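Here's the structure, in structure tokens; my notes come after.
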Amino acid sequence: MVAHPGQDPVEPFAHAVEAAAALRTATGIDQYDVAVVLGSGWAAAAEGLGSVVADLDLSELPGFPTPRVAGHRNLARSVQAGETMVLVLGGRVHLYEEYTPAEVVHGVRTAAAAGCRGVILTNAAGGINPALSVGAPVLIADQLNLTGRSPMSGPEPPAGRPGRFCDMTDAYGPRLRALARELDPGLTEGVYAGMFGGAYETPAEVRMLAGLGADVVGMSTVLEAIAARHLGLEVLGLSLVTNMAAGVTDAPLAHEEVLAVAAGAGPALVELIGGVLRRW
Ligand code: 8IG
């Protein structure tokens, strides 16, 4: 594992246990049920999911670097949604920022160490399938990890942890997908292609992704899904299509536009996530 300036290379699973202990101390909450990782433009989903029990700055917890992308918040919020105790993680870091896979999945591993049995991974994504429309959420049915990275690379997981070769069949759990579709019968399912990122794709790359079976494309989520499945968490994934990918339409891509589209879609997404959490 490559250490970032000012950070010690700590064994990642132990680091997550440390972060979960600090979370318990800071919030007084012993046990969480589900974590929600908020992607670009999903900040509205931190509001209105239930009653806020505690708020803290994620960077107060061991191992969490400071996110540097506009639209990402540094929030760790504890929310009671019906019977479900929810850990909302508003800060996410990306491979393209030169964070390591272990840093990218630290939130998910911390959530698991805090007792979570499931995680909702949200993101903003480009639409590849021309049948998709901007502003619509897509239920992730499966993924293509095209980052060339994995949270299961590096030293073998320590004793007491499952081995690295985790099963990725049904990574996005059928039970949760059925539940989401029940709450929103119009929800379309699609395959999410996770890229290393840094720039959007060229039209040729988008055509390649379409040929590989991708419906949406983004720069996050896939490593978190792997880390979650490795630790036995159920995963629900939701992409908000904030732009059509390059060459699918002739509109140019701008990050500001992505954030504006995301803001408009907020309330419907809150309702969907809130519904899933209450019936988890
Ligand atoms: I928002 O078109 C968003 N994120 N890779 N491509 C990739 N990531 C994205 C895109 C996109 N739109």
Side-chain angles (χ1 to χ4, degrees), residues 36-46 67-73 89-99 101 104-105 107 120-150 172 187-226 237-266 268-270 272-273:
V36 179
V37 178
L38 299 177
S40 284
W42 286 77
R68 306 166 191 151
V69 180
H72 285 262
R73 284 174 74 188
L89 297 173
R92 178 187 252 153
V93 298
H94 302 86
L95 291 172
Y96 61 75
E97 300 172 272
E98 290 290 346
Y99 287 108
V104 168
V105 305
I120 301 179
L121 302 173
T122 68
N123 60 58
I128 292 177
N129 185 330
L132 297 174
S133 40
V134 167
V138 173
L139 184 58
I140 302 178
D142 205 346
Q143 72 179 30
L144 296 165
N145 174 15
L146 301 175
T147 66
R149 302 288 188 279
S150 171
Y172 294 88
L187 200 54
T188 41
E189 288 200 316
V191 172
Y192 177 92
M195 309 300 285
F196 187 94
Y200 292 128
E201 295 70 32
T202 63
E205 287 165 343
V206 171
R207 287 193 297 274
M208 173 191 77
L209 294 172
L212 295 177
D215 297 295
V216 289
V217 57
M219 308 177 192
S220 67
T221 303
V222 291
L223 301 194
E224 290 153 281
I226 294 169
L238 289 167
S239 288
L240 179 65
V241 177
T242 50
N243 61 277
M244 294 311 284
V248 177
T249 62
D250 42 24
L253 309 188
H255 189 60
E256 296 69 36
E257 199 181 300
V258 165
L259 298 181
V261 170
L269 305 177
V270 173
L272 177 59
I273 297 181

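Counting starts at 1 for both ligands and their atoms, following the listed order. Counting from 1, the numbers follow the sequence of the chain as shown. Just so you know, these numbers use all the heavy atoms, side chains as well, and skip hydrogens, waters and symmetry mates. Just so it is clear, the structure is predicted and the values come from calculations on it, not from any experiment.
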- Closest non-hydrogen contact found for Gly135 with Leu240 is O-CD1, 3.5 Å
For the backbone of [Y] and the side chain of [X], can you confirm whether one donor and one acceptor N or O come within less than 3.5 Å of each other?
X      : Y      : answer
Ser133 : Ala136 : no
Asp215 : Val191 : yes
Arg92  : Thr122 : yes

Close N or O approach ([X], ligand 1; < 3.5 Å):
X      : answer
Thr242 : no
Tyr200 : no
Ala246 : no

- Message: Counting only heavy atoms closer than 4.0 Å, does ligand 1 sit against the backbone of Asn123, its side chain, both, or neither?
- Response: neither
- Message: Would you compute the distance between atom CG of Leu38 and atom CD1 of Ile120 and round it to the nearest 0.5 angstrom?
- Response: 9.5 Å
- Query: Are Gly197 and ligand 1 in contact, using a heavy-atom cut-off of under 4.0 Å?
  - Reply: no
- Message: Please confirm whether Ala125 approaches ligand 1 to less than 4.0 Å, judged on its heavy atoms.
- Response: yes
- Item | Atoms in ligand 1 with a heavy atom of Glu201 nearer than 4.0 Å | 2 (O), 5 (N), 6 (N), 7 (C), 11 (C)
- Query: Under 4.0 Å from any heavy atom of Met219, which atoms of ligand 1 are there?
  - Reply: 5 (N), 7 (C), 8 (N)
- Query: Among Ser220, Gly127, Ala124, whose heavy atom sits nearest atom 4 (N) of ligand 1?
  - Reply: Ala124
- Partners of Asn145 by side-chain contact (heavy atoms from CB on, under 4.5 Å), sequence neighbours excluded? Gln143, Thr147, Val222, Leu223, Ile226
- Query: Side-chain contact, heavy-atom cut-off 4.5 Å: Tyr192 with Asp142?
  - Reply: no
